[in-house]
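What follows is a single structure, written as structure tokens, with notes after it.
Atoms considered below: every heavy atom in the structure, side chains included; atoms not considered: hydrogens, waters and symmetry mates.
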Amino acid sequence: MIRTKLASAIKLGLIASVSTGGFIASSNAIAAEESASYERIAVTGSRIQRKDMETASPVTVIDAASIKAEGFTSVDQMLQAQTSMAGAAIGSSTNNGADGIAQVDLRGMGSERTLVLLNGRRMVNSGSGADSAVDLNSIPVAMIARVEILKDGASAVYGSDAIAGVVNIITKKDFEGFQIDLNGGATDKGDGENGDISALYGFNTDKGNYTIGAAYSDRRGVIQSDRDWTTPGASSFVPNGGIIGNVLDANGQPVIGDNGKPKQEVKVNNNGSWDPLAQGYDFTQDSYYQTPSERYSLFANMTQELSDDIIFNADVLYTKRKSSQQLAAQPANLMLDVCVPGQNTLECVDIDADMASAGIVADDKGLINYRKRMNDVGPRIYKQDTDTWRASVGVEGALDVHTGMNWDFSYTYGNNKANTSVENSINGALMTNAIYANQDVWFTGQPMTDTDLLDSVSYSEQADGGNEQHVLSAGLNGELFELDAGAVGFAIGAEYRSESGYYNPDPIVVAGQSTSAQQDPTDGDYNVISVYQEVSVPFTEKLTGEFALRFDEYSTFGNASTWKIGLTYEATDDLMLRAVAATGFRAPSVSELYGGNSGSFDYLDDPWGNEQDPQILVNRTSDANLQPEESDSYTAGLVYSPSYVEGMSLTLDYWRFKVDNAIARLDTQAGLDACHDYQTGNSGNSAGEKACKTFNIGANGDLENLTNALTNVGTQDTSGIDFNLAYNFEGLGLDWAINNDTTYLLNFEQDGQDYTGTIDGNFGAYAEVRNNFSVKAGQDSWNVMYFNRYIGEMDDLAKGNKVDAILYHNLSATYFLSDAWTMSAGVKNLTDEEPSRVSNGSDGGTVPEVYDTVGRQYFAGVTFKF
């Protein structure tokens, strides 16, 4: 049965429901789909091959022309512009802690809860080693034909990680000819240059097609302080070195705080006199808003008929990424022994009369706290050199062309290796000894000029890591039997998958001798065997049911079962109703299971008053006994294509996702407070005693071994409404295409905290309203496009004040000089909007993962095909 009007609307909605420019989908593409309406096709979110694209699950499709129209140079930029994204997925604007990777954060539920596929098959996790998500930088834009975003839980179909949805990247196939693309751009400030060049070659044989390509891209950096709206950042780690001392009153006596102990501050030696800290260090002069990156990629696709009933297919991808980030010079936070009578003066610090009169005294362990920002050595320069391989081969065929039964076998292999470094790192052990031996040099309060001494305490930190994946899959799909309303479709199959990962920090870091936090190596693996089944049942000509069931057996925690039920109902020729209920899960990753201790200096308040530094070292550990996360998801909506308005379609969907047993860490501050109440007798309940044990807090608030382990204690609950309107028409002698995407966030709660309508530097943005609008007008040889992106007003989570809404305006144009030559140009952030201010954002005073931090950008490109 061919559902002409509504089917066309759904196809138009799928191909054109791109929040930033799905208007590129042409009528020819729709016509091609119509002409092939009897050919079975694969749809993201189902393994049943279908005669049309109508399913119960909402899917957004972004084609290659749309990606090019907005000047996107990486997959993450394109995905994060969608209204269905939230949070703060790391990418090109993440300078601290990203290691050059780029990820997707569908619904703001975390990158590890969105499954990324390449041509319908899993992609290896990638990054610096033992990673929990796919690095989108490993997939070049040049090889993409389209991207399909399934905005529904899909664990019953694909297994682990598909809690929030699926991103399926489809590569260019069946290409014939030779094509070269050259693109470039820069900001209007003369920095942030980016460029890429790619070549694609394909040819047909009597029974197959072979397509190969290569791509190179280069992205330059943008320093934070080069933008005049940037808020300078300050640090208590002063460039010339300081010691924590008591705050003194007018009589030279220590000022006592609320905890009964002296208040403290950093004091520096200014011209022989120890004075309170006057000025810290500005982070922004060394930090990036846009991080530099180079990528080299090779890719190939092939399809070959081995016989009338058997087809062999394969795709191969290799990407090398060389990226870097830059942070302020390494802070050194050292505890130094104070000399006592008879002690070797080469291994301690003498507190002279000037220091003592300034309130610098040893703590109860005979130590003083020395801090220095090591800008004499230079900024920390992080570098990554990663190689990612992915190869997938498959054979598929028909059991019998008359029965409609099809089978397939596939094997997918992925491998990622990374070498990382941090230049200008500091060896804390060597620096401590250097201070003991040269106190007059380190305590002068002046810039250090002894390069030999600085070189003796600095080093280049080296680390390596990787990930590996093997997937074997076999399936059978087709039609079981006929009902009055049509055929019952099905898919059954089995899959074996193994995952492994490792990360080896620098030996100095492992030994705890660096001024950065101590970290242990990570190494581990697991495997899973899965079976699944899907059934599509046409109960009537209008009502169709979709049912999926999956069973996974893991070598780590045991088994997990998931299911999915979907319904579509064609109420009229113009209106289809749809709904899905599903369960999902996420298996713990290698790093969560086998990650070694990783120290983290967290901002915490010590209720005992023993720690004066607001950054307290917390040992973050993994747990080999972690259980899987569990989820429930619900979507319900409609697809409407009014017969009285040709070329118009709209979709409206309600969605909700709930996650229990989420892998997370307990609230360290809450644990400190509960343990303090127990130890000081303010509370004698078992919860306080348990907190002391859970966080490894010693007697009298000893935080030397403060620990926070991963455990299944987290929760998420989020819901909202998606709306899309697409309208193609002719008017004034032009072809027009209008598209509007809106996501209205009703609720986002995580671990008992309500983030709805808030923004924060740690958690990102959960705006209640996000909207993308586009309009294109053109003729056969040219088109012009305007699109805007709106992020609604939010509350600053830390301060509670309002953070302004923002509206970005973009323009682009394309001119087809001939069948061979195409030129395009555009501008992003036309009005040069400044990012909204966030109190605890990055060093620049905002959240670069949410707002445009580099300003107005120009881009242009040319395509030659023959």
Is the side chain of [X] donor-acceptor paired with the backbone N or O of [Y] at a distance under 3.5 Å, no angle test?
X	Y	value
E461	I508	no
D760	N762	yes
Q290	E193	no
N246	Q264	no
S622	G595	yes
D796	S839	yes
K372	P239	yes
N269	S273	yes
Q326	D286	yes
D282	T284	yes

Taking C-beta and beyond as the side chain, do [X] and [Y] meet within less than 4.5 Å on heavy atoms?
X	Y	answer
L672	D606	no
V838	M794	no
P521	P505	yes
M374	M431	yes
V618	R665	no
V349	Y436	yes
Y678	K690	no
D795	K802	yes

* Could you walk me through whether L453 and M448 pass the side-chain contact (heavy atoms from CB on, under 4.5 Å) check? -> CA-CA 9 Å; L453 180 59; M448 297 185 64; 3.6 Å; yes
Between [X] and [Y], does any side-chain donor sit less than 3.5 Å from a side-chain acceptor?
X	Y	value
T94	E849	yes
D520	N597	no
N619	N705	no
Q325	Q384	yes

Might you point out which heavy atoms bring [X] and [Y] nearest each other, and give the distance in Å?
X	Y	value
T668	N708	OG1-ND2, 2.8 Å
A329	G378	CB-O, 3.4 Å
A130	S591	O-CB, 3.3 Å
Y370	W442	OH-O, 3.2 Å
G192	V222	CA-CG2, 3.5 Å
D354	G272	OD2-O, 3.6 Å

* Name the one of L367, I243, I435 that satisfies side-chain contact (heavy atoms from CB on, under 4.5 Å) with L336? -> I435
Let me confirm one number: the [atom1]-[atom2] distance from [X] to [Y], rounded to the nearest 0.5 Å.
X	Y	atom1	atom2	answer
L248	E265	CG	CD	7.5 Å
S460	K383	OG	NZ	8.5 Å
D99	Y503	CG	OH	6.5 Å
T707	L666	OG1	CG	12.0 Å
D249	K263	CG	NZ	11.5 Å
D852	N829	CG	CG	4.5 Å

Would the number of heavy atoms belonging to other residues, nucleotides or ligands and lying under 6.0 Å from [atom1] of [X] be above 12?
X	atom1	answer
K189	NZ	yes
D667	CG	yes
N271	CG	no
N700	CG	no

State plainly whether the residues [X] and [Y] are in salt-bridge range, i.e. N to O under 4.0 Å.
X	Y	result
D191	R227	yes
K267	D275	no
D218	R220	yes

* Derivation and outcome, side-chain contact (heavy atoms from CB on, under 4.5 Å), residues R219 and S92 -> CA-CA 9 Å; R219 182 182 70 220; S92 59; 3.3 Å; yes
* Are W229 and Y289 close enough that their ring centres sit under 6.0 Å apart? -> yes
* Asked: Would C339 and D350 satisfy side-chain contact (heavy atoms from CB on, under 4.5 Å), going step by step from the backbone distance to the final call?
  -> CA-CA 5 Å; C339 296; D350 283 314; 3.3 Å; yes
* Asked: Using 30° and 60° as the class limits, which term best fits the ring planes of W608 and H676: parallel, tilted or perpendicular?
  -> perpendicular
* Asked: Applying the side chain to side chain donor-acceptor pair (under 3.5 Å) test to R837, which of T846, N801, D804, T231 qualifies?
  -> T231
* To do: Please step through side-chain contact (heavy atoms from CB on, under 4.5 Å) for the pair V590 and Y502, ending with a clear verdict.
  => CA-CA 8 Å; V590 168; Y502 69 94; over 6 Å; no
